[in-house]
Amino acid sequence: MTLDTATAVAWITRAAEIIRADESRLTGLDAAIGDGDHGANLARGLAAAVTSLEETQPESPGKALMAAGRGLVAKTGGASGPLYGTGFRRAGKELGDGTDATGVGDALEAMLRGIEEIGGAVQGDKTMIDALAPAVAAFQEAAGNGADLHAAAVAAADAAEAGLAATVPLQARKGRASYLGPRSVGHEDPGAASTALIMRALAEVTAP
Amino acid sequence: MTLDTATAVAWITRAAEIIRADESRLTGLDAAIGDGDHGANLARGLAAAVTSLEETQPESPGKALMAAGRGLVAKTGGASGPLYGTGFRRAGKELGDGTDATGVGDALEAMLRGIEEIGGAVQGDKTMIDALAPAVAAFQEAAGNGADLHAAAVAAADAAEAGLAATVPLQARKGRASYLGPRSVGHEDPGAASTALIMRALAEVTAP
Amino acid sequence: MKKLINSPDAVIPDALRGLAAAHPGLNVDVENRIISRAERTPGKVGLVSGGGSGHEPLHGGYVGRGMLDAAAPGEVYTSPVPDQILAATEAADAGAGVLHIVKNYTGDVLNFRMAAELAEDDDVRVVSVVINDDVAVEDSTFTAGRRGVGGTIVAEKVAGAAAEEGADLDTVAQLAREVNERSRSFAIALHAGTVPAAGKPGFELAGNEVEIGVGIHGEPGRQRGEFAPVKDLVGYALDAIHADLPVSGDVLVIMNGQGGTPLIELYGAFAEAADWLQGHGATVARNLVGNYITSLDQAGFSITVTSLTDELVRLWDAPVSTPALRWGV
Amino acid sequence: MKKLINSPDAVIPDALRGLAAAHPGLNVDVENRIISRAERTPGKVGLVSGGGSGHEPLHGGYVGRGMLDAAAPGEVYTSPVPDQILAATEAADAGAGVLHIVKNYTGDVLNFRMAAELAEDDDVRVVSVVINDDVAVEDSTFTAGRRGVGGTIVAEKVAGAAAEEGADLDTVAQLAREVNERSRSFAIALHAGTVPAAGKPGFELAGNEVEIGVGIHGEPGRQRGEFAPVKDLVGYALDAIHADLPVSGDVLVIMNGQGGTPLIELYGAFAEAADWLQGHGATVARNLVGNYITSLDQAGFSITVTSLTDELVRLWDAPVSTPALRWGV
Ligand SMILES: Nc1ncnc2c1ncn2[C@@H]1O[C@H](COP(=O)(O)OP(=O)(O)O)[C@@H](O)[C@H]1O
Ligand SMILES: Nc1ncnc2c1ncn2[C@@H]1O[C@H](COP(=O)(O)OP(=O)(O)O)[C@@H](O)[C@H]1O
Ligand SMILES: [Mg+2]
Ligand SMILES: [Mg+2]
Ligand SMILES: [Mg+2]
Ligand SMILES: [Mg+2]
């Protein structure tokens, strides 16, 4: 299976669904160490991404992710809008006309680099990077070992969830949670939580 | 026993004490159907009346009540300050150099007339008049029947308390409580409650 | 109760100290509780108002060029005392007499009346205008009459502008009376404010209740109603105003916060008021949106509608420089 | 949760409708959420700011002569999006370039940066100044840096006055930077505000607790402290400011309410601040006391101290006519 246009669209659509379903959990996580809007932001942003896909009817999976990224940037606001928006746009650029697991791994890596570049966070700062970086690594390792798209995506989603769990003991060094200093310890990072959901959505839509 | 200067001073002093002790009850009554300041207002005003007695060292009971009235007006504020202040000044004017129960009855009647005059309330409007008017009537009746000052004051205090109780079913027609319309029914009037305390103070200080 | 105070007793002197520090152009007598303009204009009619504290910026915040000459704040929610009002009157007197702008509460009326008598003894001519614009209270022989609320601000602004122009005492008083006749107000609260000395809210509402027709002293309103969208609450208030004095033509609207309601909500409420008035053929020619006459930290709004004339617009637009209202200067 | 709203979704459009109705001199694009001045002065540097909603009067309340040319309000507590900031930038552009005054939050910085890139694509020169005056947050590689709070108002006022006088983009930007360098803020909350969509307060405090070093988004502060007299709370805040940038000489002080604190308390707090500053050898040369940058209905205060120069005083005193600040005109 390659990541074709329909699958790319399905990924975003499914991500929008599960983020919406889990909106209040994300908001709760953000209320604890941020400003309590992450769930609403991303639900709004991903809904806009879906609308943008419906409107643009992209012809390639790369164009689909780029359109989704533009939709996210245009409607999310906050830190996560530019970060995820840039991430999806970079992934789309890398992805081009669709590709197998290895190519998708490269696209996810482009996503990671884009987010790192504009946000300036590194792993351990208690951000979405802490879920995304291990997810990308796991995806690439699985793909390198010959896993298909679904299997690699499952590995990525599992790694993202583990990365999320690993944010709990960290003290935030980026984003609003950093203002809390030591009080940010003991909570999951909301952006890492949404990244884990987005990775899980990829695993679901690539299931055979 | 006549109402001499020392007794007049003792009356105000005792009234200040028992109003202070019951301040929060008065405030609670006023919070229910007014603005919750009657206890504080009167405690402050009577304290000022006591100070004014200490400062002026009045030579007659009439002058004592007039000084107390001026102290009340100068420090109480709200509706009760001018009402009680005028009442005590009028009583003092009438009282002059001290007198027996009949003369005190006239002084209390002057107090009542003063309050009626500037406040424009009549019995049944759910105000201090509803305690004061029956108190004055009871005092005068007792004095007319030959009661001494203490006995007349006890009759007045009892009548004031009965008058207070009778305010419960009334709808207020004067003062802030009138703004509540039918919602003012079912509560004691705070000014009637303070009048009952002031009458009780007179009964106490005239005890043999 | 958590408040930014040192102690319940210190609330008023502390606020007056702050007012003095913030506005060096005002004379603030913290001990005697009188706020007055630093300079008197000989021959100008003096304007004095006052009432309980807890309604800030009313009244001290309206002392300055184009509005009041002096204000006398009482204890929280308690009218000031005669000596204090007398001192404010004397501070405001520049030889042309003094207007007392009094809100219609028994305590305010009685204490101002006593002060006016004392002032007349000192040969200061005083005219009093009693403001009673709150339609939540029936004006009948069965009540102490209507309360004075937001219309007070309009009366102070308009009369103050006329006094600044050199109008005489009767003219200035007549303008204040005219504003009062043309103004109506109504208020709804979501939560009661807390008097510092009392330490708990003036009334308790359930999660789905509002207090309808409240005054500015944390006193309960005429009835309790169900919480509803702001469009309905504003419509209810405007219906009550309209039933009493039909709105039409150019109006001034004050969408006032009670102290604990944020501006974002007041603007939303104002949007509904503007729509409602337009739908009833009136035009919002002038407006204020914000906290102008408050009840400590009470949440809710009051709306004041004044039916304008060209002359009232001109006087409203005249320069004013006070802590709470400033334009044209 | 009881609020004067129609629904959580409608809060921002309703408030913008109200702002439009109240201030006919502003262009308010309710759909795209842009508030701009009705007239452009050709050749004047444009000033744009924006950020989450819920901080009213910030930012829309500072659009007008002598301050901002356009503002872009986001969702409640959420930075606006690039297209919106771009549209505000285009509305503000009068040929001399546009200054973006951005509060230092990751979301604001990223969205403004994207908008600036888009504007440059359209040949509009943009310079951004990031405000980061909140000393509650350590500025280190371990944080996203200090937050931008009350200093924003001073930067907007001073830069706006310079732009009005015809200063060029670099000069205007440099003044905003200078204000930022000379400004420090600190906030303490007594109760958290409630985001309408969330329906409950951002944090819960016990009866004897305060949140120390809070920001403007209902986020918890760096620590919880014990409730104390306002003198101590203000002293704590000023100690923190003084430790970071020692106060001296003439200062501008903003004693700001967080939305749910009444003016009587803010004046009391200001009295303590003025005393403290005097005791430390500084003079309060200019001040604002009131709600200028809020957090919905949060109770508490923030204090901003800007160390003044003669030039800053002159620009602060220059005429301004916006919904929230008005003088000299
Ligand atoms: N500099 C950054 N780099 C990467 N991720 C970040 C950065 N800053 C914040 N984030 C992520 O964004 C999430 C918060 O997003 P959101 O709540 O939507 O925005 P905001 O913080 O503006 O309210 C955080 O949980 C974190 O994962
Ligand atoms: N017109 C009036 N005549 C007589 N008594 C009055 C009148 N108005 C008010 N009162 C009395 O004053 C009491 C309230 O006094 P207080 O609370 O001190 O003043 P305020 O109403 O100004 O807050 C009422 O309970 C009532 O007994
Ligand atoms: Mg957030
Ligand atoms: Mg009372
Ligand atoms: Mg009172
Ligand atoms: Mg946010």
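Given the structure is predicted, the values throughout are model-derived calculations rather than measurements.
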Does a side-chain heavy-atom distance below 4.5 Å link Glu272(D) with Asn6(C)?
-> yes

Residue pair Pro57(D) / Tyr267(C), side-chain heavy-atom distance below 4.5 Å | no

How far does CG of Leu190(D) sit from CE of Met1(C), to the nearest 0.5 angstrom?
-> 11.0 Å

Chain C: which of Gly268(D), Gly60(D), Ala269(D) shares the most heavy-atom pairs with it under 4.5 Å?
-> Gly268(D)

Thr294(C) versus chain D, heavy atoms under 4.5 Å apart: side chain, backbone, both or neither?
-> neither

Sort out for me which of Gln298(C), Arg286(C), Gln258(C), Glu209(C) touches chain D most, counting heavy-atom pairs under 4.5 Å.
-> Glu209(C)

Examine whether an atom of Asn287(C) lies under 4.5 Å from a heavy atom of chain D, and if so say whether it belongs to the side chain, the backbone or both; otherwise answer neither.
-> side chain

Residue part contacting chain D, namely of Val329(C), when any heavy atom lies under 4.5 Å = backbone

Looking only at Ala271(C), Ala274(C), Ser295(C), the option with the highest number of non-hydrogen pairs under 4.5 Å against chain D is Ala271(C)

Ala206(C) versus chain D, heavy atoms under 4.5 Å apart: side chain, backbone, both or neither?
-> backbone

Residue among Pro229(D), Ala22(D), Ala21(D), Gly260(D) with most heavy-atom pairs under 4.5 Å to chain C = Ala22(D)

Here the pair of heavy atoms bringing Lys2(C) nearest to His191(D) is CE-CE1, 3.9 Å

Does Glu265(C) reach the side chain of Lys3(D), with side-chain heavy atoms less than 4.5 Å apart?
-> yes

Most contacts with chain D, counted as non-hydrogen pairs under 4.5 angstrom, among Leu16(C), Val230(C), Ile12(C) | Val230(C)

Report yes if some heavy atom in the side chain of Leu4(D) is under 4.5 Å from a heavy atom in the side chain of Thr261(C); otherwise report no.
-> yes

Decide, yes or no, whether a salt bridge links Asp14(D) with Lys231(C) under the criterion of side-chain N to carboxylate O below 4.0 Å.
-> no

Among Ile5(D), Ile264(D), Val234(D), the residue with the most heavy-atom pairs under 4.5 Å to chain C is Ile264(D)

Winner by heavy-atom pair count (cut-off under 4.5 Å) against chain C, out of Gly193(D), Ala20(D), Gly207(D), Gly61(D) | Gly207(D)

Within a reach of under 6.0 Å around CD of Gln278(C), are more than 12 heavy atoms found that belong to other residues, nucleotides or ligands?
-> no

Between CG of Leu266(D) and CG of Leu19(C), what distance do you get to the nearest 0.5 Å?
-> 12.5 Å

